[in-house]
Each structure stands twice: as C-alpha cells, then as structure tokens.
Protein chains: 2
Amino acid sequence: MFDLDLRSRKPIYEQLIEKTKEMIIHDVLKPDEQLPSVRLLAKQLTINPNTIQKAYRELEREGYIYSIPGKGSFVANKKEAIYDEKVKQLEENILKLCQEAFYIGLKKEQIFSIVERAERAIRGGEEIDSN
Amino acid sequence: MFDLDLRSRKPIYEQLIEKTKEMIIHDVLKPDEQLPSVRLLAKQLTINPNTIQKAYRELEREGYIYSIPGKGSFVANKKEAIYDEKVKQLEENILKLCQEAFYIGLKKEQIFSIVERAERAIRGGEEIDSN
DNA sequence: TAACTGTATTATATTAAATAGTACAGTTGT
DNA sequence: ACAACTGTACTATTTAATATAATACAGTTA
C-alpha cells in the first residue's frame, strides 16, 4: 500500500506525503477512512514513528487529512478543494513543459500526438465512461 | 547570466547544472564558447570554487561541455545528441503529466487548450518562422 | 484497566552539501 | 623566463536536513 523507496535521495516523509496525496486524489483512500496509526505504519515500513508523524502533520496542515487525538487520523472530505488544486497544479506543469517544448522547436502536432498517446494508455486500462 | 537561488533547498551545483544545460539547449551559450573559469564564476556567485567544479565535472560527464586543463571549459558541439535527448526527456515528462491528468478525469480538449495557450505564449514573444 | 490513539519534546546519529585550504601541472601573454 | 591564468585533485571541516531514539502526556476504546 504505502510502498516507498527507503534508499532514494528523497526524504522518506516527503515520499509518504506524495504517496498519500496520490491515494487520496485517486480515491484509493476514501473520505473519512482511517489511516494506519503512526506507530503501526512505522512498524510496517520499519522506519521511525516520528517520520510518519511529520508526514501526517504536513498532510493535516494542507487539508488532506484530519487527526483526532486518541482516535486516529482520517482522510479529509474536502475532495473538491483538493481536486481543484491538483488540477490547477497539473495545468501549470503541463503549460510549463509545453512552453519549453515549443521553445526548442517542437510543433503543436507532435505534442498533440503525445497527449493522444497518453489518452490511449489510460483509456486502454479502464472501462469506457461514455463521456 | 548564471543567476541562481542560494537559499533554495535545491543544491547549488544542481541548479548550476540545470541553468547551464538550459543555456546550451537554448543556444545562449554557443558551441565551443568558453565558460567562465571555476574560480572566476565562484567569485561572481560568491560561492566556493569546488561547488563550480563539481557542476562542471558533471556537465562534462554528460557531454554538455569539455574541459582542457590549463585552457578552460567550453561548450561541447554535440548539439544534435543533446537536443535529441532533451526532446525525448520532454516527451516523457509531458506524457507522464497527461496520463496523470487523464487519470483524474481531465478531458483531451482541456489539455489541447493548455497546449495552445503555451503555443501562443511562445509564438507571441518570437518572430514567425513560416514553418 | 490495558491497549490503543495523536501529540510533544529533547537528544543524538547520519548524511549530503558546501566551504576552506592547499597543491600540481598545463597554457597564455609579456 | 615569468606571472597569471586555467583545470584538477585531495583532505579536513562546517553546516543543515533527515532520521532515529527514548520518553512523556492526554484522550479513546473495549
């Protein structure tokens, strides 16, 4: 579930934050679903509980989860806000890359074909949604 | 010229590598043009010469520049190879982002409009090339 | 009450990044 | 020949971020 690369140059807590965000955005973790406790997850990942807590603290600060002392940590039900932010961020990144691509001479058609390739890659692995 | 953010969480030498690559790709630095010496650039950026050398060493390893002991460091004239690699890398990144975008529900038309916005942003600031 | 939960704190260890200093050999222009 | 450049190499040290370790406290749950 929370599989992360302990030998990466990227900090563990950052990886954990990213993975958790992804799972929330992709609805792998449902709203109000309980997350594993800091101690349990630390044991499972064989890392320190403080590292987990650091990640959870940041996730709560950004509104992805909420924590109740004594009860546990849960997925926030603010999917719209989070989703909108994610879309905005994606758009920014795509825009930036496309500008770079145009800047060094790629043509619009080349980028369109990449977009279509991405669509096929995704649509191929999912049931058709009829819209 | 080599303006970089000394307070970034990103290592200085990595920033320097990226900036230099950009300038080479964008032809701001021409083939066989001499780069500032490690000592001079270190003084200009008020950082340590070793940090510059680390960046130059990596740039040479990747084929972006070549260094001649006693003479200096120069921009490599392998633009085609570097360019091809850059294009490939850009395509990979765009593909990845588009897959992510499709995955969370964006439509092809939305991404196309982003691509076109990027094109306008670039074409607006350059003379038309007639192809 | 026992065993969970989140939270907080302090101290320590580890590692990467950056600095500092020195040295050696090749190049360049005077 | 000489002074002033160049790249390169090496060791030692400092700094900051990351991660660990060990506790502690309070609320929750069965």
Side-chain angles (χ1 to χ4, degrees), chain A residues 1-21 24 29 31-77, chain B residues 1-21 24 29 31-77:
Chain A
M1 193 90 171
F2 292 89
D3 56 323
L4 28 91
D5 182 6
L6 299 185
R7 284 162 203 164
S8 166
R9 63 229 166 270
K10 256 196 181 174
I12 297 173
Y13 76 92
E14 275 189 21
Q15 290 183 54
L16 183 55
I17 289 171
E18 285 171 13
K19 287 274 181 189
T20 307
K21 283 183 181 178
I24 292 176
L29 295 173
D32 292 318
E33 178 176 343
Q34 182 162 12
L35 296 166
S37 77
V38 291
R39 291 175 180 83
L40 176 62
L41 188 53
K43 251 178 202 164
Q44 286 180 352
L45 301 178
T46 62
I47 59 179
N48 196 282
N50 291 339
T51 306
I52 310 289
Q53 199 212 336
K54 184 170 185 178
Y56 278 14
R57 193 192 310 141
E58 176 63 15
L59 284 167
E60 183 168 24
R61 199 190 64 78
E62 292 185 39
Y64 282 84
I65 70 174
Y66 62 95
S67 296
I68 304 175
K71 295 196 69 173
S73 299
F74 307 85
V75 176
N77 32 25
Chain B
M1 192 89 170
F2 292 87
D3 56 323
L4 28 90
D5 181 7
L6 300 186
R7 283 162 203 163
S8 165
R9 63 235 164 263
K10 255 194 180 175
I12 297 174
Y13 77 90
E14 275 189 22
Q15 291 182 54
L16 182 57
I17 290 171
E18 285 171 13
K19 287 275 180 188
T20 307
K21 282 183 181 179
I24 293 176
L29 296 173
D32 292 317
E33 179 176 342
Q34 182 162 14
L35 295 166
S37 77
V38 290
R39 291 176 180 82
L40 175 63
L41 188 53
K43 251 179 201 162
Q44 286 179 352
L45 301 178
T46 63
I47 58 179
N48 196 282
N50 291 338
T51 307
I52 311 289
Q53 199 212 338
K54 184 170 185 178
Y56 278 14
R57 192 192 311 139
E58 177 63 15
L59 284 167
E60 183 169 25
R61 199 190 63 78
E62 293 185 39
Y64 282 83
I65 71 174
Y66 61 95
S67 297
I68 303 175
K71 295 196 70 173
S73 299
F74 307 86
V75 176
N77 32 24

Close residues, residues 8-16 of chain A, relative to DNA chain C [heavy-atom separation under 4.0 Å]: none
Close side-chain approach of A:Asn48 to A:Lys54, heavy-atom, < 4.5 Å: no
Among A:Thr51, A:Leu41, A:Ile47, A:Leu59, the one residue meeting side chain to side chain contact (heavy atoms under 4.5 Å, CB included) with A:Leu16: A:Leu41
DNA chain C contacts made by residues 36-57 of chain B, counting heavy atoms under 4.0 Å: B:Arg39, B:Ile47, B:Asn48, B:Asn50, B:Thr51
Residue pair B:Thr20 / B:Tyr64, side-chain heavy-atom distance below 4.5 Å: no
Under 3.5 Å: donor-acceptor pair, side chain of A:Gln53, backbone of A:Val38: no
Any side-chain heavy-atom pair of B:Leu6 and B:Gln15 under 4.5 Å: no
Give every pair of a protein N or O atom and an N or O atom of nucleotides 28-30 of chain D that lie under 3.5 Å apart, one pair per line with the distance.
unit_1	atom_1	unit_2	atom_2	d
D:dT28	O4'	A:Gly70	O	3.2
D:dT29	OP1	A:Lys71	NZ	3.3

Sugar-phosphate only, base, or nothing, as touched by A:Glu60 at under 4.0 Å among non-hydrogen atoms: sugar-phosphate
B:Gln44 vs B:Met1 side-chain heavy atoms within contact, under 4.5 Å: no
All side-chain hydrogen bond (donor to acceptor under 3.5 Å, both in side chains) counterparts of B:Glu62, not counting sequence neighbours: B:Lys21
Test side-chain contact (heavy atoms from CB on, under 4.5 Å) applied to B:Ile65 and B:Leu29, step by step: CA-CA 11 Å; B:Ile65 71 174; B:Leu29 296 173; over 6 Å; no
Boundaries of the chain A footprint along DNA chain C (any atom under 4.0 Å from a heavy atom): C:dT5 to C:dT9
Distance-only donor-acceptor hits, side chain of residues 66-76 of chain A, under 3.5 Å, sequence neighbours excluded:
unit_1	atom_1	unit_2	atom_2	d
A:Tyr66	OH	A:Asp32	OD1	2.6
A:Ser67	OG	A:Ser73	OG	2.9

Which atom of A:Ala55 lies closest to which atom of A:Tyr13, heavy atoms considered: CB-O, 3.8 Å
Pair A:Glu58 + A:Arg61: basic N to acidic O under 4.0 Å: yes
B:Ile12 vs B:Leu45, side-chain contact (heavy atoms from CB on, under 4.5 Å): CA-CA, chis, key distance, verdict: CA-CA 10 Å; B:Ile12 297 174; B:Leu45 301 178; over 6 Å; no
